Number of protein chains: 2
Amino acid sequence: MNNRNIPKIVIDRLPWYLQTLNQMAREGLSIVSSLVLAERLDITPAQIRKDLSYFGEFGKQGSGYPVFHLMDELQTILNINHIWQVAIVGVGGLGHALLNYHGFARHGFETVLAFDNHPNVIGKQVAHLVVQDITHLEDQLRKKAIKIGILTVPARQAQIMAERLVSGGVLAILNYAPITLHLPPDIQVQSMDPVQSLQRMTYFLPR
Amino acid sequence: MNNRNIPKIVIDRLPWYLQTLNQMAREGLSIVSSLVLAERLDITPAQIRKDLSYFGEFGKQGSGYPVFHLMDELQTILNINHIWQVAIVGVGGLGHALLNYHGFARHGFETVLAFDNHPNVIGKQVAHLVVQDITHLEDQLRKKAIKIGILTVPARQAQIMAERLVSGGVLAILNYAPITLHLPPDIQVQSMDPVQSLQRMTYFLPR
DNA sequence: TAGATTGTTAATCGATTAACAATC
DNA sequence: TAGATTGTTAATCGATTAACAATC
């Protein structure tokens, strides 16, 4: 076990390890060596062993890592060994799609609140939720002690809505708006901008 | 100018610089120093200057970088100074949302083909496109010489559909399915898995 | 010119990898 | 036991940053 500060990039890889272990478990694998896992992820076995060693000793010399046990450990490390309730702000096309997406619940993220500012949507049922008026945002977030928000509003509203999420007590924001949010440093943000992702690939395409 | 191989991580930052320059241009800024840009991005000015120096000399000592010129240069570097045609595979909720998203066209990515395998959707008009039967995928991709695909199918179909995109000549895939695709090394892949992004944040939340 | 900022070098910092003793 | 694989150290590799001469 290594007690130094854990590099952010190591944390970023853990969900990816977990996803692959999930797949392997479904394929019936019960033990996996760092070598086999590394081949699947196309990285070096040393990196996997080093990454895991920041958190403990999860393997057995001679055989490898018990798949289910390692998954459990990763879930504990990532703080996803319980249900997180999530609020969605912005119920346009993308908000609709995310509310209907079962992957969140399947992985322990339960969407429990949905907000919009448009009269046509407020009060409507979308998937399992009734869309609420954005004016109630902070109140409702506080009342349910929501710590995670998903932001699916147009770019021009995103910064203000992000700030409102934060003042409602939210500590982590999954941002689908194509802007860079400016928030206090203790607020976690992950941005999902498909245009930026496309632009990261075109560089490598033949001109 | 620096002629060594350019680190991938530098390429990854360029779309982000471009997005911020866009914002600044809209705010009326015509010249920006590495210091001002760095404050906006919350990185060091040295990193910006070093990153840009891989590609040329775009600034003026004493003043900084002309915003529009730098944007032009970045667009050329990223290979986005022309329209890219894009195909979408999978017209479920997310596919619908993306077809209706104007951000792609606004940034030079034109969705020109949409495919699904479900009779209820095939032949239907969604946004500006008529959804085609997936059986025609490779033919249509070849016919239109499409190089970029967006994958919005369920996880269990994603690997096969990715392979079909590749055999249709696609070289870059924006993958929304929550699996790791295994494709030839010359194929560009960017994955957008909201669950993984959430899991990268929960680590930092109070338990 | 004086002040400001670039482009670039060299130093620093941090992450990845190879190698191997420990051990299942 | 013999073979295999971990956890960890140390070496390597690569990226970031500070500093400054060049120059607008």
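So that the names make sense, note that chain A is the first sequence line, chain B the second, and so on, each numbered from 1. We use all heavy atoms of the structure for the numbers below, so side chains are in, but hydrogens, waters and symmetry mates are not. Keep in mind the model is a prediction, meaning the values are calculated, not measured.
- Atom OG of A:S197 sits about 12.0 Å away from atom CD of B:Q188, to the nearest 0.5 Å.
- Look at A:T44 and you won't find any side-chain N or O under 4.0 angstrom from OP1 or OP2 of C:dT16.
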Could you pull out all donor-acceptor pairs under 3.5 Å where a side-chain atom in residues 98-112 of chain A meets a protein atom, sequence neighbours excluded?
{"residue": "A:N100", "atom": "ND2", "partner": "A:H96", "partner atom": "O", "Å": "3.1"}
{"residue": "A:H107", "atom": "ND1", "partner": "A:G103", "partner atom": "O", "Å": "2.9"}
{"residue": "A:T111", "atom": "OG1", "partner": "A:H128", "partner atom": "NE2", "Å": "3.0"}

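- What separates CD1 of A:I48 from P of D:dT6 is a distance of 9 Å, to the nearest Å.
- Within 6.0 Å of atom CG in B:D42, 12 or fewer heavy atoms from other residues, nucleotides or ligands are found, so the atom counts as exposed in its surroundings.
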Distance-only donor-acceptor pairs under 3.5 Å for side chains of residues 165-174 of chain B, two or more places apart:
{"residue": "B:S167", "atom": "OG", "partner": "B:E163", "partner atom": "O", "Å": "3.3"}
{"residue": "B:S167", "atom": "OG", "partner": "B:R164", "partner atom": "O", "Å": "3.1"}

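- Between A:Y65 and D:dA4, a side-chain N or O to OP1/OP2 separation shorter than 4.0 Å is absent.
- Among D:dG7, C:dT17, D:dT17, the nucleotide with an atom closest to any side-chain atom of A:S53 is D:dG7.
- In DNA chain D, runs of at least 3 stacked Watson-Crick or G-U pairs (N1-N3 plus N6-O4 or O6-N4, or N1-O2 plus O6-N3, all under 3.5 Å) give these stems: C:3-24 with D:3-24.
- B:F55 places its CZ atom 16 Å from the C1' atom of C:dT8, with the value rounded to the nearest Å.
- The minimum heavy-atom distance between A:L21 and A:V32, with the atom names listed, is CD2-CG1, 3.9 Å.
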Each nucleotide N or O in nucleotides 20-24 of chain C that has a protein N or O under 3.5 Å away: list the pair and distance.
{"residue": "C:dT23", "atom": "O4'", "partner": "A:Q61", "partner atom": "NE2", "Å": "3.4"}
{"residue": "C:dC24", "atom": "O2", "partner": "A:Q61", "partner atom": "O", "Å": "3.3"}

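- To the nearest 0.5 Å, atom CG of residue B:L198 and atom CH2 of residue A:W84 are 10.5 Å apart.
- Look at B:E27 and B:R40 and you find a salt bridge, because one of the NZ, NE, NH1 or NH2 atoms lies within 4.0 Å of a carboxylate O, short of that distance.
- Here the P atom of nucleotide D:dT17 and the CG atom of B:L52 are 15 Å apart, to the nearest Å.
- Contacts between residues 24-36 of chain A and DNA chain D, defined by a heavy-atom separation below 4.0 Å, involve A:S33, A:S34, listed by number.
- Between the side chains of B:D193 and B:S191, not a single donor N or O lies within less than 3.5 Å of an accepting N or O.
- Atom-to-atom distance recorded for A:I43:CD1 and A:S34:OG is 9.5 Å, nearest 0.5 angstrom.
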Base-contact (B) and sugar-phosphate-only (S) positions in nucleotides 10-15 of chain C, heavy-atom cut-off under 4.0 Å, - elsewhere: -----S
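- We find that CD1 of B:I6 is positioned 16 Å from C1' of C:dT8, with the value rounded to whole Å.
- Between B:Q47 atom CD and B:L52 atom CG the span is 10.5 Å, to the nearest 0.5 Å.
- In this structure, CZ on B:R207 lies 8.0 Å from CG on A:N81, to the nearest 0.5 angstrom.
- The CG atom of B:L14 sits 11.5 Å away from atom CD of B:Q75, with the distance rounded to the nearest 0.5 Å.
- Across all their heavy atoms, B:F58 and B:P66 have their closest contact at O-CD, 3.5 Å.
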